[in-house]
Amino acid sequence: MTHETWGQVRGELLKSVGENNFSAWIDPIVFDRLDARTARFHVPTNFFGSWVSQNYGDVILRHLISAGVGVDRVEFTVDSGASRQAGNRNVAPPAQPVEAASLRPVSNLRTGTEELPGATLNPLYTFDNFIVGKPNELAHAAARRVAEGRDVTFNPLFLYGGVGLGKTHLMHAIAWDLRARFPGARILYLSAEQFMYRFVRALREQDTMTFKQIFRSVDVLMVDDVQFIAGKTSTQEEFFHTFNALVEEGKQIIISGDRAPVDMEELDARIASRLQCGLVVDLHPTDYELRLGVLQHKAEQAMARNPQIRMAEGVLEFMALRISTNIRVVEGALIRLFAFADLVRREITIDLVQDCLADILKSTDRRVTLDQIIKTCCEYYKIRQNDITGTSRARAVARPRQMAMYLSKSLTSRSYPEIARKLGGRDHTTVLYGVRKIEELMAVDSQIAEDAEILRRMLEA
Ligand SMILES: Nc1ncnc2c1ncn2[C@@H]1O[C@H](COP(=O)(O)OP(=O)(O)OP(=O)(O)O)[C@@H](O)[C@H]1O
């Protein structure tokens, strides 16, 4: 095949995958050579290669064949130059074949003679993109350990936690890492729901043997949202047998759920106790610092993509304090904010955030009053109410007063003059200054950031 033929095939691919997919996934791949009926391409990163192979391997192959190329496989290899530019995302050494696609339908991961029936992995759910903080450090460390693929020391690894705290992200990150390290390994990631559907289909088609064979021949089994099969008797039963067979073989199993195994009431007791046998780690609700870390990371990426966007100081701190729910909500808020700022072509300021995210912010605007804020700050800092509303400029009093100003501005919709009146009739510019001061300090002084987080929790409790 010549580069010219590839040029023609690209034209066909553009038509069949659409412009967006083409520019994201096909355009960056570079034809290298055809040998032994394998068309070889260079890709910038391992992730990229896996993604293209899984999602476009088939279609590329079909178009090559239609163009008269004598080919049975396509293979993607990381180009070392390109991978250097792509930063540290690659965990495998460069110039290693990422994954090959052949004529058979490409599913999640194909190996040997049959393909594995897994779910597609999200290329953004990697360890590089996972921000570690106190609430998730243990889960992250355990995931990293499993992703090294050394001896199976804890089996299964059970990750649990509330909605949007990163369970799926961590599981995908493990799968990406393992795939890059062990390209031949049979790694199967799927949701418990998919497990059930596969099983039900096998029952319907009276082909449970194939089902068993596939599931019991994997090297690593990852099942997300296991709570889904709680109460589904025959699926649980099958899951239990699969689980036991793999454990006996010393194969690694990674499971996630929304609660600890013991708290899943409808889960078969035998399964619950099996799940307890390995390492059970939970992802705690996020704290201020973790939310801020995620926001900074995502904002940096968004601003790199769209350099025109400007953001005032303190915006991310404000969001981290105000948007207290799960990371999915934090992320969604930021995406909306960037889209809005892009549309109105304005700098992102706290005012803009308040406009654009009014609905999300309202959930924390509920009952908190200025009186409560003052009272809570006094209790927390162990000072008297008269002091906080008084005139003393001593640090022991002035800082809590500024914190009260900051919390009043962040947790209520009161104006600067209203807050000024409540805090001893000060000038509203003093409040403005106080709020800014705390915002600045929060970025550099973790104690102040923690104080703000604790106070917010106390106020919202
Ligand atoms: N520590 C983190 N760093 C960066 N992004 C994160 C982190 N934790 C979660 N996210 C992001 O938040 C979103 C939700 O995460 P994920 O889907 O993994 O949550 P989950 O715990 O599986 O939730 P659910 O139970 O609803 O499925 C994803 O976009 C994910 O990338």
Side-chain angles (χ1 to χ4, degrees), residues 47 51 87-89 118-147 156-178 189-196 221-230 254-261 263-264 267 275 279-305 316-317 319-320 323-339 357 360 449 453:
F47 285 117
W51 181 260
N88 60 356
R89 278 191 172 189
T120 304
L121 298 179
N122 185 329
L124 298 175
Y125 290 1
T126 63
F127 282 120
D128 285 349
N129 279 336
F130 190 83
I131 308 299
V132 186
K134 270 207 197 97
N136 61 20
E137 66 183 346
L138 196 58
H140 173 259
R144 280 275 194 194
R145 168 64 70 84
V146 169
L157 168 62
F158 188 93
L159 299 169
Y160 76 93
V163 175
L165 298 181
K167 300 181 291 293
T168 301
H169 189 138
L170 274 183
M171 290 184 97
H172 285 211
I174 296 172
W176 281 123
D177 252 29
L178 283 171
Y189 165 86
L190 80 177
S191 67
E193 192 178 0
Q194 286 168 318
F195 180 87
M196 188 185 85
L221 175 67
M222 310 173 83
V223 180
D224 208 349
D225 289 326
V226 74
Q227 72 277 358
F228 186 86
I229 57 164
I254 304 150
I255 311 277
S256 85
D258 64 351
R259 275 156 289 165
D263 295 329
M264 289 189 196
L267 193 68
L275 294 178
L279 180 64
V280 178
V281 275
D282 59 340
L283 289 119
H284 297 276
T286 60
D287 61 10
Y288 170 82
E289 278 168 7
L290 180 57
R291 288 194 298 276
L292 185 60
V294 171
L295 282 163
Q296 282 167 341
H297 179 74
K298 309 260 174 209
E300 245 170 53
Q301 289 181 332
M303 286 165 98
R305 281 194 299 272
L316 296 180
E317 287 76 4
M319 289 176 71
I323 304 174
S324 57
T325 39
N326 67 46
I327 298 193
R328 190 176 290 118
V329 174
V330 171
E331 236 179 9
L334 198 67
I335 290 170
R336 196 202 299 175
L337 187 63
F338 272 91
L357 304 178
I360 297 174
E453 170 74 7

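Order of appearance sets the numbers: ligands from 1, and atoms from 1 within every ligand.
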Which residue owns the protein heavy atom closest to [atom], what's the atom, and how far is it?
{"atom": "atom 17 (O) of ligand 1", "value": "Arg328 NH2, 3.0 Å"}
{"atom": "atom 23 (O) of ligand 1", "value": "Gly164 N, 2.8 Å"}
{"atom": "atom 28 (C) of ligand 1", "value": "Tyr125 OH, 3.4 Å"}
{"atom": "atom 4 (C) of ligand 1", "value": "Asn129 O, 3.2 Å"}
{"atom": "atom 6 (C) of ligand 1", "value": "Ile327 CG2, 3.7 Å"}
{"atom": "atom 25 (O) of ligand 1", "value": "Lys167 NZ, 3.0 Å"}
{"atom": "atom 18 (O) of ligand 1", "value": "His169 N, 2.8 Å"}

Does a side chain donor of either Ser256 or Asp224 reach within less than 3.5 Å of an acceptor in the other side chain?
-> yes
Should we count CZ of Arg259 as having more than 12 external heavy atoms under 6.0 Å?
-> yes
Which of these, Val281, Val280, Asp258, sits in a side-chain contact (heavy atoms from CB on, under 4.5 Å) with Tyr160?
-> Val280
Could you tell me which atoms of ligand 1, counted from 1 in the order shown, lie closer than 4.0 angstrom to a heavy atom of [X]?
{"X": "Asn136", "answer": "1 (N)"}
{"X": "Thr168", "answer": "17 (O), 18 (O), 20 (P), 22 (O), 27 (O)"}
{"X": "Leu165", "answer": "8 (N), 9 (C), 19 (O), 20 (P), 21 (O)"}
{"X": "Gly166", "answer": "8 (N), 9 (C), 15 (O), 16 (P), 18 (O), 19 (O), 20 (P), 21 (O)"}

Within the 4.5 Å heavy-atom criterion, are [X] and [Y] side-chain neighbours or not?
{"X": "Asn136", "Y": "Thr286", "answer": "no"}
{"X": "Asp177", "Y": "Thr126", "answer": "no"}
{"X": "Arg336", "Y": "Ile360", "answer": "yes"}
{"X": "Pro261", "Y": "Phe158", "answer": "yes"}
{"X": "Met319", "Y": "Leu357", "answer": "yes"}
{"X": "Val330", "Y": "Lys298", "answer": "no"}

Using a 4.0 Å heavy-atom threshold (strictly under), name the region of [X] that reaches ligand 1: side chain, backbone, both or neither.
{"X": "Val132", "value": "neither"}
{"X": "His140", "value": "neither"}
{"X": "Val294", "value": "side chain"}
{"X": "Glu331", "value": "side chain"}

Hey, is ligand 1 close enough to Phe130 that some N/O pair sits below 3.5 Å?
-> no
Is any N or O atom of Ile131, backbone or side chain, closer than 3.5 Å to an N or O atom of ligand 1?
-> yes
d(Glu317 CD, Gln296 CD) to nearest 0.5 Å is 6.5 Å
Is there a heavy atom of Gly161 sitting under 4.0 angstrom from any atom of ligand 1?
-> no
With a 4.0 Å cut-off on heavy atoms, does Lys298 reach ligand 1?
-> yes
Geometric class of the Tyr125/His169 ring pair [parallel <30°, tilted 30-60°, perpendicular >60°] | parallel
Check the angle between the aromatic planes of Phe130 and His140 and answer parallel, tilted or perpendicular using the 30° and 60° thresholds.
-> parallel
